[in-house]
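What follows is a set of notes on a single structure, which appears directly below.
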Amino acid sequence: MSKQDRITPRTLKGFRDYPPELALPRERIIETARHVYRSFGYAPIDTPALEYLEILTGKGSEETDKQLYRFTDHGSREVGMRFDLTVPLARFAAQYAQQLGLPFKRYHIASVWRGENPQKGRYREFMQADFDTVGSTGVASDIETVVVLHTLLRACGFERFAIRINHRGVLDGVLDKAGLAGRSAPVLRALDKLAKIGPEKVAEDLKQTAEASATQIDAVLQFASLTGENATLLAEIQRLVAGNATGEAGLERLRETLTGVAASQIDPGGEAAVRIDPAIARGLDYYTGLVLETLLTDLPGIGSVASGGRYDNLAGLYTSQSLPGIGASLGVDRLLAAMEELGQTGAARTPADVLIVYFAEDRLADYLRLSATLRAQGIATELYPEPKKLAKQLQYADKRGFRVALIAGPDELARDECQLKHLATSEAISTPLADVVTTVRRLLDSI
RNA sequence: GUGGCUGUAGCUCAGCUGGUUAGAGCGCCGGAUUGUGAUUCCGGAGGUCGGGGGUUCGAGACCCCUCAGCCACCCCA
């Protein structure tokens with residue numbers, strides 16, 4: 001093939017490749033999410049990447065409709081690629097409601113697609129790790145959602161983050177009292193931008209998109225600009241929603257949620273990580289109760305890495321059965337981008353801990369036996385594939401991020417021993433072959 | 001989708017108002033060191049200047065188109 005005919009290897013805008021040093025921490029996030037979700041009793045499901053177009057359109061917001069990847073398949077069906085995992089859950093729950101039984105708790109870790117312009121932490125193909133409880137309206141599920149997110153972020157190695165929570169009922173109450181009840185969608189959308197663009201621009205926005213009066217704008221901004229400790233906020237909000245049933249109910253729910261979170265003892269240091277934020281509204285139309293977003297303290301600009309909320313009737317478009325639920329979604333690839341930016345991805349390019357040096361060509365059987373012994377005890381072990389010179393193999397071990405090199409040349413083998421070299425400190429110790437597993441394990445534990 | 005900035009070696013970047021054979025640091029390969037990597041010394045390889053077209057005696061630089069990244073709008077994970 002001539003040079004001109006050759007196809008340039010490249011990836012589509014907004015789509016990315018994951019080399020080992022990225023795929024390794026990415027898989028770690030996925031495994032952590034899976035582990036945390038399962039520990040709370042959520043069961044895995046999976047659904048197709050492609051759905052009938054009618055399943056997907058008109059569900060998230062008009063924006064998601066615009067971003068939908070859609071096409072006609074080979075059988076002339078109008079189809080679309082899922083843009084989140086919540087809509088497929090709604091379809092799934094409606095379709096199998098009879099067999100599933102309620103409440104139904106599921107997690108779903110999979111890729112979704114949105115045709116929007118990419119930025120850092122914002123891709124056209126990205127993975128979400130969702131967990132939801134369908135069929136329960138109790139506050140316990142609200143509490144659990146916050147607790148799961150907190151546990152998950154901690155398990156991913158984050159200490160500095162804030163789960164910001166709010167309640168749509170409170171928002172509705174405030175809007176109702178201000179006489180803006182019918183215009184909640186544009187108002188909430190404007191509110192959502194408060195932290196980013198400031199009160200003046202939000203006011204302008206409210207005036208234009210929601211045709212709000214000066215008094216109305218004032219009422220909304222006064223609410224959204226509230227800051228302080230959760231207890232203070234609860235009291236302030238109480239004042240603002242007083243006399244409005246929806247608002248008071250929402251506030252009470254928010255209070256119960258915070259009390260429950262405290263009882264869950266996820267945050268022994270206090271309430272710092274879970275905070276009421278009156279400006280959190282969420283653009284998605286289907287939320288009706290608790291709404292939440294998670295921001296990383298050291299990288300707020302990348303946006304929410306995990307968010308969600310309560311929806312009272314997600315499956316209403318597919319079934320007459322009422323299927324309320326609550327859940328949240330971890331943005332796996334956004335969190336990964338944040339970790340990259342913060343230098344938290346690590347440098348390892350191998351999942352194995354031990355590299356066995358292929359030292360003497362005629363001792364391959366010994367090396368294979370040693371490899372098998374270590375692996376049988378759960379120690380990930382790679383045997384170098386060729387009897388190249390020692391320096392080469394050690395260099396390889398170092399570059400890939402192995403922690404221990406096992407060296408067994410003719411001298412060591414003659415004494416039924418091997419050498420274990422700790423790559424980071426360059427310390428080497430000798431150990432009898434019979435003890436190799438315990439010694440390696442001790443070495444790895446000490447690192 | 002709209003607008004702005006950017007795109008030079010594997011990586012980070014330099015390259016003055018267009019002027020000979022496009023540079024640096026790091027990395028990579030080889031050797032000093034045929035049983036010990038990451039340090040030191042010596043040598044070496046590596047560039048369609050994102051891609052295509054145009055202006056010009058001459059383009060990495062200027063113009064147009066295109067692809068990609070980043071940022072903003074919008075929206076969100």
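A note on names: the letters A, B, ... follow the listed sequences, proteins ahead of strands, and every chain is numbered from 1. Below, each value reflects all heavy atoms present in this structure, side chains not excepted, and no hydrogens, waters or symmetry copies.
For A:K392, a side-chain nitrogen or oxygen approaches OP1 or OP2 of B:G30 to under 4.0 Å. Within the structure, a side-chain polar atom (N or O) of A:Q119 is placed less than 4.0 Å from OP1 or OP2 of B:A72. Proximity of A:S307 to the phosphate of B:A77: a side-chain N or O atom is located under 4.0 Å from OP1 or OP2.
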Next item on the list: Treat primed atoms plus P, OP1 and OP2 as sugar-phosphate and everything else as base, then score nucleotides 38-45 of chain B 5' to 3': B for base contact with protein heavy atoms under 4.0 Å, S for sugar-phosphate contact only, - for none.
Entry: B-------

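The side-chain contact (heavy atoms from CB on, under 4.5 Å) test applied to A:Y52 returns A:E54, A:I55, A:R77, not counting sequence neighbours.
A distance of about 12 Å separates the C1' atoms of B:U33 and B:U40, rounded to the whole Å.
Both geometric conditions, a ring-centre gap below 5.5 Å and a plane tilt below 30°, are not fulfilled together for A:F359 over the base of B:G35.
Put simply, CD on A:Q208 is 14 Å from C1' on B:C73, counting in whole angstrom units. Computed from coordinates, the A:N117 CG to B:A68 C1' distance equals 12 Å when rounded to whole Å.
For A:P88 against A:R82, the heavy-atom pair with the smallest separation is CG-CB, 4.0 Å. The two residues A:C156 and A:I29 have their closest heavy-atom pair at SG-CG2, 4.3 Å.
Of the residues in residues 26-52 of chain A, not one places a heavy atom less than 4.0 Å from an atom of RNA chain B.
Each of A:A408 and A:T11 has a nearest nucleotide on RNA chain B; the 5'-most of these lies closest to A:A408.
One side chain, A:E144 or A:Y42, offers a donor N or O that lies under 3.5 Å from an acceptor on the other.
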